[in-house]
Amino acid sequence: MKQLGSISYYVNDRKNDSGYDTYQSNSEKIELITNIFPVFLFAVAALVSFSTMTRFIDEERQNIGVLRALGYSKLDTSLKFVIYSLTAALTGVFIGAIGGYWILPRIIFNAYTANLTLTNFQSSFSWKYLFLTFLISILCTTGAAVIQLFIVLRAKTSGLLLPKPPKNGSRILLEKIKPFWQHLSFNYKVTLRNIFRYKVKMIMTILGIAGCTGLLMMGFGIRDSLAGIGQKQYSEIIKYDLIAIDKNSLSSEQSTKLNQKLSSSQVNKYLPVYFENVSKKIAGTNQDLSIIVPEKSSQISKYISLRNRSSGQKINLNSRGIVISEKLAKLLNLSIGDELSLVTTNGKKVKLPISNICEMYMGHYVLMNSNVYQKYFNKKVNSNAQLIELNNKKQTNSFANSLMKTGAVSAINLNTNNQQIIDSLIQSMNKVIFLLIGLAALLAVVVIFTLTTTNLEERMREIATLKVLGFYNNEASLYIYRETIILSIFGILIGFLVGNWLHGFIIDNLAPLNAMFRPGILFSNYLLSALIPLVITGIMAIFVNRKIKEVNMLEALKSVD
């Protein structure tokens with residue numbers, strides 16, 4: 001103990017430990033997302049469930065008529081469909097509960113604790129949420145069945161034994177736009193009339209495809225926002241490899257060793273700076289802000305590329321104020337011309353005017369020249385650290401170890417470690433993103449398949465009539481499926497708006513407080529998000545064409561009177 005000399009102890013509780021702060025912040029972000037994401041998924045699932053149950057009862061319309069003719073009561077007739085829908089809801093909730101309580105939480109937990117030492121994951125079971133999920137599922141299936149049964153059973157038994165009469169056609173609003181309507185071909189006029197003839201189906205198709213497209217855009221958008229930010233941060237923006245912070249008082253021997261190391265062949269260049277970490281309360285947690293004041297402000301661009309993210313315009317350190325990182329500005333709702341309030345390590349309170357906001361994806365930075373520092377801190381700048389760029393980046397760890405051995409350095413911050421943290425977070429988050437994209441694509445398949453088959457089955461007699469009138473198979477297919485293609489395109493366009501909003505919401509709330517994901521959506525995202533529903537729509541077109549080829553015109557048109 002005597003050899004160690006005086007020892008300093010630091011005791012942190014959960015209120016001021018950055019690890020607990022980070023974990024609590026991430027938990028709150030997940031809570032924000034779960035307040036909106038399940039609602040969105042349930043809306044699309046409810047759409048599919050309602051459509052499926054409605055179609056099922058319509059298909060069984062004549063069987064319902066037979067049961068009523070045999071003397072079965074309305075209650076007994078309804079039990080078949082109520083029990084079926086309850087069985088489907090219970091099975092779905094059971095499978096969903098397994099995934100929701102044991103599989104998905106573990107994936108998300110692993111993603112968010114990639115950089116934390118936390119083990120023994122425990123998934124808590126909630127009867128409240130299970131009951132709420134079951135209730136919503138019952139409303140989407142059994143509720144839809146009861147509503148449709150109520151409508152069907154109001155008809156007379158003799159009417160139920162006959163095929164359901166097609167909806168009457170009517171004039172539509174577009175017909176009043178003469179220049180537009182007169183230039184349409186006969187086929188497109190019929191298609192548009194049919195679209196508005198089946199308004200419920202139109203709304204369900206547009207909303208279903210819009211929901212799937214929105215989820216796909218969100219998934220691809222998050223992937224694009226995460227991809228390569230580590231490389232962008234520590235290659236394009238931060239060019240130095242490490243920060244070496246000097247001890248408070250250096251002996252002549254320590255100074256000599258430090259200068260020798262900085263002048264060695266391992267170092268490409270270095271810049272003396274004043275460096276200080278200050279803590280600021282942001283969103284209920286303590287965040288570290290890195291103050292950097294270069295000895296020569298004109299040289300900072302060789303070590304940190306200060307630029308505006310939107311315009312790419314270069315930013316210089318001037319005497320009008322400080323430059324802060326973009327994420328810090330967003331968290332504190334600051335803009336150019338505002339003031340940043342700080343409390344330094346010695347307890348001094350300062351208000352610094354903001355002259356510019358720079359692109360930065362990791363950490364909170366406050367940069368200024370020596371004139372600004374001297375004006376607002378009332379003291380002369382004394383360099384206490386170096387920004388160091390090495391000739392060989394692979395030697396970063398060995399160089400850092402040798403630098404510590406000089407005895408002149410109190411701490412070293414390696415950019416390689418920071419980049420590994422970002423890459424580890426992104427790698428973990430990719431698991432959640434790919435799962436999300438997969439679920440959205442599967443949902444698109446279910447939505448388009450359900451709505452297409454419903455449309456096909458309901459209009460089988462209409463298709464048979466077209467074939468009797470001399471329509472070829474491809475013409476009959478397009479007569480029906482042209483509606484789906486048009487509605488799919490409208491659904492995709494609305495989905496772009498939904499996806500943009502969802503992506504912006506997730507990006508703003510998903511990133512840790514000390515990191516920023518790239519905002520905005522790439523053109524390739526729009527392309528992929530539209531291509532997947534269109535490909536599924538195209539595959540379903542082949543299915544529709546085959547079904548139309550197999551239509552038995554005699555059976556379809558045969559009277560059941």
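A distance of 12.0 Å separates CD1 of I480 from CD1 of I485, quoted to the nearest 0.5 Å. How far CE of M202 is from CZ of R197: 14.0 Å, rounded to the nearest 0.5 Å. Atoms OG and CD1, from S488 and I209 in turn, are 3.0 Å apart once rounded to the nearest 0.5 Å. Note: W181 CH2 to L173 CG = 10.5 Å, rounded to the nearest 0.5 Å. With rounding to the nearest 0.5 Å, the separation of CG in L192 from CD1 in I486 is 5.5 Å. Rounded to the nearest 0.5 Å, atoms CD (E359) and CD1 (I237) are 4.0 Å apart.
Minimum heavy-atom separation, L161 to Q62: O-NE2, 3.1 Å. Between G65 and L160, the shortest heavy-atom distance links the atoms CA-CB, 3.6 Å. Heavy-atom minimum distance, Q233 versus Y361: OE1-N, 2.8 Å. Contact between A97 and L130 at its shortest, heavy atoms only, is CB-CD1, 4.0 Å. Closest heavy-atom contact between T157 and A69: CG2-N, 3.7 Å. Across T452 and T484, no two heavy atoms sit closer than the pair OG1-CG2, 4.1 Å.
Counting only heavy atoms from C-beta outward, the side chains of R518 and R309 never approach each other to under 4.5 Å. Two residues are said to be in side-chain contact when any heavy atoms from C-beta on lie closer than 4.5 Å; S335 and D338 meet this criterion. Using a 4.5 Å heavy-atom cutoff, the side chains of K547 and I463 are not in contact. Using a 4.5 Å cut-off on side-chain heavy atoms (C-beta onward), S325 and M516 make no contact.
Residues forming a side chain to side chain contact (heavy atoms under 4.5 Å, CB included) with S305 (at least two apart in sequence, or on another chain): K239, R307. Partners of R482 according to the salt bridge (charged side-chain N to carboxylate O under 4.0 Å, His left out) rule, which considers only residues two or more places apart in sequence or in another chain, do not exist here. Every residue two or more places apart in sequence or in another chain was checked for a salt bridge (charged side-chain N to carboxylate O under 4.0 Å, His left out) with K314, and none qualifies. Residues satisfying the side chain to side chain contact (heavy atoms under 4.5 Å, CB included) criterion with L70, sequence neighbours excluded, are V66, Y72. Partners of E475 under the salt bridge (charged side-chain N to carboxylate O under 4.0 Å, His left out) rule, at least two apart in sequence or in another chain, do not exist in this structure. Under the side chain to side chain contact (heavy atoms under 4.5 Å, CB included) criterion, F94 pairs with I98, not counting sequence neighbours. With sequence neighbours excluded, no residue satisfies ring-ring contact (aromatic ring centres under 6.0 Å, His included) with Y479. The side chain to side chain contact (heavy atoms under 4.5 Å, CB included) search around N356 returns I315, V323, I336, not counting sequence neighbours.
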Could you go step by step and tell me if L328 and M360 meet the side chain to side chain contact (heavy atoms under 4.5 Å, CB included) rule?
CA-CA 9 Å; L328 179 61; M360 199 71 67; over 6 Å; no
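Residue pairs that meet the side chain to side chain donor-acceptor pair (under 3.5 Å) test with at least one member in residues 202-228, sequence neighbours left out, are S225-H503. For residues 441-450, there are no salt bridge (Lys or Arg N to Asp or Glu O under 4.0 Å) pairs, not counting sequence neighbours.
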Pairs of donor and acceptor atoms involving the side chains of residues 135-149, under 3.5 Å and at least two apart or interchain, shall be tabulated with distances.
residue : atom : partner : partner atom : Å
S137    : OG   : T133    : O            : 2.9
T141    : OG1  : S137    : O            : 2.7
T142    : OG1  : S85     : OG           : 3.0
Q148    : NE2  : D58     : OD1          : 3.1

For residues 522-546, dump all side-chain donor-acceptor pairs below 3.5 Å to protein atoms at least two apart in sequence or in another chain.
residue : atom : partner : partner atom : Å
N525    : OD1  : S529    : OG           : 3.0
N525    : ND2  : M217    : O            : 3.1
Y526    : OH   : N500    : OD1          : 3.4
Y526    : OH   : N500    : ND2          : 2.9
S529    : OG   : M217    : N            : 3.3
S529    : OG   : N525    : O            : 2.8
T537    : OG1  : P533    : O            : 2.7
N545    : OD1  : S477    : OG           : 2.7

